[in-house]
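Basis for what follows: all heavy atoms, side chains included, without hydrogens, waters or symmetry-related copies. A quick note: this is a predicted structure, and the numbers were derived from the prediction, not measured.
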Amino acid sequence: MEEGDLLARVTASENKSTALEARMSSSEKQVEELQRENAALEGRMSSSEKEVEELQRENADRPQVAFSAGLTDSGSVGPFKTDFTLKFSKVFTNIGQAYSPTTGIFTAPVRGVYYFRFNMWESRRSTYTSVVLYHNNQRKMRLSDYIDGSGVVSASNAMVLQLEKGDVVYIVLPSNYGVRDDSHNRIIFSGFLLFPQ
């Protein structure tokens, strides 16, 4: 082999070696970059997992309060000579057990903002009907109407109340008024915790 050929082969080999070293160096840099990105991604995933766990703990600690109950299947209720707290005995939902069908009273288990909905229904003609929503001993809202000779009357309303732990909410049938409910669940009292405070 001639010296020129040998020199050319050595130069080519050195060039290949330099190119290979450059590619190896580039690959090592890419691997290092990928490792850094992977570490950053793992850090973000770990942080996200911690946030999810924290939210799950918060939700587990957050009280769950919701109820819905119908008045009765037995027809007419009232009129009575004195105001009468209505006992909604047909409990459909009572998450948190804050509503008592025995007393008709909802007792706030925690301080917070609550939503309540209630209605009245009556079908006896030529009579007045009314129900009142109370918070503790304070009247908050009254529904009233007169039924003429043509049929029935129905009314409903809702209210958002800020309650302290132990506050009570209930529906009263005023003296000398009546309502009517049956298996169609015409009169419902419902409430739930919007958010604790």
- request: In sequence, state the C-alpha distance, the side-chain angles, and the governing distance for Y114 and F106, and then conclude on ring pair (Phe, Tyr, Trp, His ring centres under 6.0 Å).
  value: CA-CA 11 Å; Y114 293 79; F106 171 85; 5.5 Å; yes
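- Proximity of S154 to W121: side-chain heavy atoms (C-beta onward) are separated by under 4.5 Å at one or more points.
- A centroid separation of less than 6.0 Å is found between the aromatic rings of Y115 and F192.
- Applying the ring pair (Phe, Tyr, Trp, His ring centres under 6.0 Å) definition to pairs two or more places apart or across chains, those involving residues 141-175 are Y128-Y146, Y134-Y170.
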field: Residue pair E122, V152: steps toward the side-chain contact (heavy atoms from CB on, under 4.5 Å) verdict
entry: CA-CA 6 Å; E122 177 62 281; V152 300; over 6 Å; no
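- For the pair F88/T72, no side-chain contact is recorded, criterion being any heavy-atom separation below 4.5 Å from C-beta on.
- Within the structure, salt bridge (Lys or Arg N to Asp or Glu O under 4.0 Å) contacts touching residues 180-197 (residues at least two apart or in different chains) are D182-R186.
- Within the structure, the salt bridge (Lys or Arg N to Asp or Glu O under 4.0 Å) test picks out the following pairs touching residues 77-99 (sequence neighbours left out): D73-K90.
- With T107 contributing its side chain and V168 its backbone, the two residues share no donor-acceptor pair below 3.5 Å.
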task: Verify side-chain contact (heavy atoms from CB on, under 4.5 Å) between V113 and V160, making sure each step is shown before the conclusion.
output: CA-CA 7 Å; V113 177; V160 173; 3.3 Å; yes
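- V172 is not connected to V77 by any chain of hydrophobic side-chain contacts under 4.5 Å among Ile, Leu, Val, Met, Phe, Trp and Tyr, and they are in different clusters.
- Not counting sequence neighbours, D167 has no partner by the salt bridge (Lys or Arg N to Asp or Glu O under 4.0 Å) test.
- Interatomic distance, I105 CD1 to L86 CG, rounded to the nearest 0.5 Å: 11.5 Å.
- Nearest heavy-atom pair across G104 and T85 is O-CG2, 4.5 Å.
- Partners of R111 according to the salt bridge (Lys or Arg N to Asp or Glu O under 4.0 Å) rule, which considers only residues two or more places apart in sequence or in another chain, are E164.
- Hydrophobic cluster membership of I147, counting Ile, Leu, Val, Met, Phe, Trp and Tyr whose side-chain heavy atoms lie under 4.5 Å apart directly or via other members: V153.
- The closest side-chain heavy-atom distance from F189 to V169 is below 4.5 Å.
- Closest of all the heavy-atom pairs between V110 and P63 is CG2-CG, 3.6 Å.
- Heavy atoms only, all atoms of each residue included: S156 and R117 are closest at CB-NH2, 3.9 Å.
- Side-chain contact between V131 and Y177 is absent, with no heavy-atom pair separated by less than 4.5 Å.
- Judged by distance alone, the side chain of S89 and the main-chain N or O of L71 form a donor-acceptor pair under 3.5 Å.
- Heavy-atom minimum distance, Y99 versus A69: CE2-CB, 4.0 Å.
- Across I188 and N119, no two heavy atoms sit closer than the pair N-OD1, 2.7 Å.
- Hydrophobic cluster membership differs between F92 and I171, with clusters built from Ile, Leu, Val, Met, Phe, Trp and Tyr side chains linked at under 4.5 angstrom.
- Relative ring orientation between F67 and F116 is described as tilted, the plane-to-plane angle lying within the 30° to 60° band.
- Under the 4.5 Å side-chain criterion, counting only non-hydrogen atoms from C-beta, M141 is not in contact with V132.
- Summarising the geometry, atom CE belonging to M120 is positioned 5.0 Å from atom OG1 belonging to T129; distances are rounded to the nearest 0.5 Å.
- The two residues S130 and P174 come nearest to each other via the heavy atoms O-CD, 3.3 Å.
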